[in-house]
Amino acid sequence: MTELRCSNRACGRKLALHERALACPRCGELLEIGLVRVEGEPEQVKRLWLERKLSNDPRDRSGVWRFREFLPGGYELEETITLAEGNVPLIAGNKSAAWAGVRDLWFKHLGWNPTGCFKDLGMTVGITEAKHVGAKAVGCASTGNTAASLAAYAARAGMECRVYLPAGQVSHNKLAQALDFGARVVQIAGSFDDALDTLLRNSDGELYFLNSINPFRIEGQKTAMIEMLEQFGWRVPDYLVCPGGNLGNSSAFGKAFEELQQFGFIEKAPRMVIVQAAGANPLARMWRENGQVLRPVERPETVATAIRIGNPRSWKKALHALQFTNGMAIDVTDEEIGEAKEIIGRDGIGCEPASATTLAGIRKLVRAGQMEPDARIAAVLTGHALKDTDYIIKRFQKRTESGSQTERSSSAVEMHAH
Ligand SMILES: [Zn+2]
């Protein structure tokens, strides 16, 4: 059983679960869904989740709705909009582990979702909620991935879709997806943060917002961690490493661990590590400086366009997740991201640049003595390799032009050793 409430625990204002509000009417903070009760004992519920894998009910076929004991409810089967999202594997990163100097590394590849990104996990719940409250049109601001995902689910639900993108800063692959799914694309001069401001300013009240501040999306994204722990046989890894952009995903993961622990599904949460790009690092900077308030990065710049965000809206929730899990926030350079991405490719896995912050971050922490080489580490890859093909081609061309291609050794790991 769930409720809609203010995320500011000192305020604690409660709203009706399906009320259309994006912020607390009393204090203005973000809203969240509260999990009040879980029906059944943990072992019983865990068994039920496994049994559902044998069912043909579309909700059981979804790697999100299969875990509906932890999701907002009240939806009819017909209004549940699903593309059988979730159900993505946990894969050992062998070469990646050697490169980073660790022994037990696993990738949870959320980029292997229907539109190639973790956003689908949240969007199935967000669009279902939009349909439930009678929305006819949905909208978001996006660095590309949210737009592609929203466009797909809106098309599935028969809703009009409007996406606001920072002009010239979105990968062609993502833009193409949004167009392919029939979205109306509005290009905004400026950054993602400008696009979001424009969207919020120009809202006519008819548009249902599906940015990451939408609490229903956070709920769907939570299930990635439930599915992952199920795949680990409920043996909790020592670390959970994820990229940090707008910090909605980090918030969702932290919330999943907190609820699983609260209701007796796990005894202890993994330590969360949020990795940002050095050019868009407001959380990592705040963490390093022991700050209490996030100072936005004015002009965020990084090759990892999916996390090129200077003013992450969900930073307070992400900070709470770090505190709850005894975690940390760090940043890595674009070059480190590029090297890590190549190694993930050599493992036959592949990902978009933002996802590679995870592996780059692990290597950095191991080298600094802040992560044990024999720890069990789970790293979340958020986007598919095909999400940004321009980046791959350009990096390859650059190397070919610089001539290092000819003297390149057979191992990419050696290639980058000094
Ligand atoms: Zn409040």
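Keep in mind that what you see is a predicted model, and the values were worked out from it rather than measured. As the structure lists them, so they are numbered: ligands from 1, and atoms in each ligand from 1.
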query = Would you call Asp331-Lys364 a salt bridge at under 4.0 Å N-O?
reply = yes
query = Would you say the side-chain atoms of Lys255 and Gln221 include a donor-acceptor pair closer than 3.5 Å?
reply = no
request  = Would you mind reporting whether Leu31 and Cys24 have side-chain heavy atoms less than 4.5 Å apart?
outcome  = yes
Qualifying residues under side chain to side chain contact (heavy atoms under 4.5 Å, CB included), relative to Glu3, sequence neighbours excluded =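 Listed in chain order: Arg5, Lys14, Val36.
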With Asp238 via side chain to side chain contact (heavy atoms under 4.5 Å, CB included) - residues at least two apart =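 Counting only residues at least two positions away or on another chain, Asp238 forms a side chain to side chain contact (heavy atoms under 4.5 Å, CB included) with Ala375, Arg376.
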request  = Anything protein N, O or S sitting under 2.8 Å from the Zn ion (ligand 1): count it and give me the total.
outcome  =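 Count of protein N, O, S atoms less than 2.8 Å from the Zn ion (ligand 1): 4.
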key: Summary of ring-ring contact (aromatic ring centres under 6.0 Å, His included) pairs that have at least one residue in residues 269-325, sequence neighbours excluded   =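 Residue pairs passing ring-ring contact (aromatic ring centres under 6.0 Å, His included), neighbours aside: none found.
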